[in-house]
Amino acid sequence: MTAQGATGATERFRAARDFLLQHREDYGAAYEGFAWPRADRFNWALEWFDVIAEGNDRTALHLVEEDGSETKVSFAEMSARSNRVANWLRAQGVRPGDRIIVMLGNQVELWETVLAAMKLRAVVIPATPLLGPADLRDRVDRGRARHVVVRAEDAAKFDDVPGEYTRIAVGGDGVSWLGYEHAARESEVFEPEGVTLADDTLMLYFTSGTTARPKLVEHTHTSYPVGHLSTMYWIGLKPGDVHLNISSPGWAKHAWSNLFAPWNAEATVFIHNYTRFDPARLMDEMERNGVTSFCAPPTVWRMLVQADLSRLKTPPREVVAAGEPLNPEVIESVRRAWGVTIRDGFGQTETAVQVSNSPGQRLKEGSMGRPSPGFRVTLVDPASGRADVAEGEICLDLSTHPVGLMTGYHGDPERTAEAMAGGYYRTGDIGSRDAEGYITYIGRADDVFKASDYKISPFELESALLEHEAVAEAAVVPAPDPLRLAVPKAYVVLAAGWEPDAETAKALFAHSRAVLAPYKRVRRIEFAELPKTVSGKIRRVELRRLTAEGGGREFLEGDLA
């Protein structure tokens, strides 16, 4: 056990966790009887993970690589390893409140570093390795990062990122950064300095919005670690489960289901790393390693059902999807092949799972379920502000002080006040509720959309396109795609001297590839005038309608590659 050890906060957390496990298939009892475990002081890494890890040889993390090699780390080993990393990071100058950009893949060092940062009371800024220098400059600048921990192969991305920050590289030779491997020499006994307040900042997530720069979502030592008790309940996790969640590091869903939810339940986090998705190989690994619960974005589910699902002889007990509505035909295909039903859940980077189809609930086709235990969800009419309407913006009642909710948008009090106006947290998503309390998702209230489970900000992509000399104006909207659900399509007004032809489109696609992360790239271009309001605002709703109807001359990135 660590120096801090079990506390009253630990016991309250355990009691709340065990209550949800006891009522995992009795939604009514769970919803009515659950109360968030509240404490003034709490450090999940020290007072939960290290407590359950003491003398625990069960597997906490199991990684299987594309070449077949694998790594297993027990709970006890992960506790000791993260202690060594915490001691080493402290020796490198990491102090409570320092911001650390963690840009790693699905590798043991990712989990070690996040746990270590929590123990040090440092603030984690998760980042996907897909990011380029422009994104990283923004994160270092606005995130006020004092340290970065990255894969050695990504170190060069920081060559043009100014700032006084400690540079730490994981793996590889020939990089003039501090070598992460030296952490292995440190003591596995960690002595925490000071106490962790429950509302101390733990994570800062950059997430796309309707403005040029991503929002900076602030979470505390309770809002995510404790808040994801609801995620554990939605998935249906139990102690001893082997949980596979397909999500890229750096995104909130990775912390949801590859860190907090499974380890809240004392389950194994299972990861299969691959460069190109192979449904058959994935199912083989699920079978070989006894995966009992499986979470994937709809994009992965749509690819899976194109394969032979019968290849998996022992399907997971629990299967869930999140990120966007799932097609009914996909749900039915999985039900026929595996005898289990995919259950939807709804949440955001700003929250844990707010609404879900949890185990034991009667499912209604098209509905994403009912409010999660601990959340009071109401629908608010966006125009009148009237609450408890049949159709409106999905909102959380703040009078109940839901734990699984962000502190706010860091450094942006105006945006935070707007999101929390009128005693409600406003998700920006529209839904409808039936007489039994089931909520059906309708769509975004603004123009942000998702492509392959990645959130895309039109304004961000438009700003990138406008950097090219050929572009006078641009508007980006989602274009339907059978695999990714949607891909970014740009309507472009050309500057003088440029022709609306394939060569110009090819140049813009090349520019998009050069300045945007791969998941943000523009995939379709149409040269056209932009419909606008009287005040000059672009009517993206009209462009979305035109895109859905088709008919314009459209250039596809794949055709011009």
Side-chain angles (χ1 to χ4, degrees), residues 205 207-211 214-215 217 219 223 227-228 230-231 234 251-253 256 297-299 320-327 343-358 364-372 374-398 400 402 404-406 408-409 415-434 437-460 477-478 480 485-486 540-541 544:
Y205 272 103
T207 182
S208 295
T210 54
T211 60
K215 296 175 288 187
V217 176
H219 278 287
S223 63
H228 283 300
S230 73
T231 307
W234 159 54
W251 302 104
K253 189 61 173 65
W256 281 32
T299 298
V320 295
E324 60 201 33
L326 194 59
N327 314 76
R343 296 180 284 101
D344 275 328
F346 169 79
Q348 301 174 303
T349 303
E350 291 87 339
T351 72
V353 174
Q354 305 170 33
V355 180
S356 69
N357 287 299
S358 56
K364 291 189 177 183
E365 186 171 320
S367 169
M368 57 189 185
R370 290 181 283 185
S372 301
F375 289 100
R376 296 297 182 263
V377 178
T378 187
L379 304 185
V380 176
D381 184 279
S384 68
R386 187 163 58 89
D388 293 323
V389 294
E391 181 176 312
E393 185 175 7
I394 301 167
C395 297
L396 298 181
D397 184 349
L398 296 179
T400 63
L405 173 64
M406 68 173 181
Y409 296 112
R415 180 174 277 164
T416 299
E418 182 181 352
M420 307 288 186
Y424 298 102
Y425 164 66
R426 301 167 184 274
T427 65
D429 291 284
I430 304 297
S432 63
R433 189 198 301 257
D434 69 12
Y438 284 81
I439 297 174
T440 298
Y441 182 82
I442 293 176
R444 285 292 298 169
D446 57 19
D447 294 311
V448 174
F449 63 95
K450 284 193 172 183
S452 292
D453 203 45
Y454 295 125
K455 191 181 290 185
I456 305 294
S457 166
F459 195 94
E460 191 176 358
V477 296
L485 184 70
R540 289 182 182 80
V541 64
R544 288 196 295 268

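Keep in mind that what you see is a predicted model, and the values were worked out from it rather than measured. Hydrogens, waters and symmetry mates play no part in the numbers below; they use all other heavy atoms, side chains included.
- When the side-chain hydrogen bond (donor to acceptor under 3.5 Å, both in side chains) test is applied to Ser367, no partner is found at least two apart in sequence or on another chain.
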Using distance only, find each side-chain donor-acceptor pair of residues 382-391 under 3.5 Å and give its atom names and separation, not counting sequence neighbours.
unit_1, atom_1, unit_2, atom_2, d
Ser384, OG, Asp381, OD1, 3.2
Ser384, OG, Arg386, N, 3.2
Asp388, OD1, Thr378, OG1, 2.7

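- In this view, Thr416 and Tyr409, Met420 satisfy the side-chain contact (heavy atoms from CB on, under 4.5 Å) rule, not counting sequence neighbours.
- Contacts of Ala321 classified as side-chain contact (heavy atoms from CB on, under 4.5 Å), with partners at least two apart in sequence or in another chain: Trp301, Leu326, Ile342, Asp344.
- Here Tyr438 pairs with nothing under the ring pair (Phe, Tyr, Trp, His ring centres under 6.0 Å) rule; sequence neighbours left out.
- Applying the side-chain hydrogen bond (donor to acceptor under 3.5 Å, both in side chains) test to Tyr424 and every residue at least two apart in sequence or in another chain returns nothing.
- Under the salt bridge (Lys or Arg N to Asp or Glu O under 4.0 Å) criterion, Arg370 pairs with no residue at all, not counting sequence neighbours.
- Not counting sequence neighbours, Lys450 has no partner by the side-chain hydrogen bond (donor to acceptor under 3.5 Å, both in side chains) test.
- Residues Gln354 and Tyr425 bring no donor and acceptor atom of their side chains to less than 3.5 Å of each other.
- In this structure, the ring pair (Phe, Tyr, Trp, His ring centres under 6.0 Å) partners of Phe375, at least two apart in sequence or on a different chain, are Trp36.
- Here Ser223 pairs with His219, Thr220 under the side-chain contact (heavy atoms from CB on, under 4.5 Å) rule; sequence neighbours left out.
- Pairs of residues two or more places apart, or lying in two chains, that qualify as salt bridge (Lys or Arg N to Asp or Glu O under 4.0 Å) and include a residue from residues 417-430 are Asp429-Arg444.
- Listed by chain and number, the residues in a side-chain hydrogen bond (donor to acceptor under 3.5 Å, both in side chains) with Thr427 amount to none (sequence neighbours excluded).
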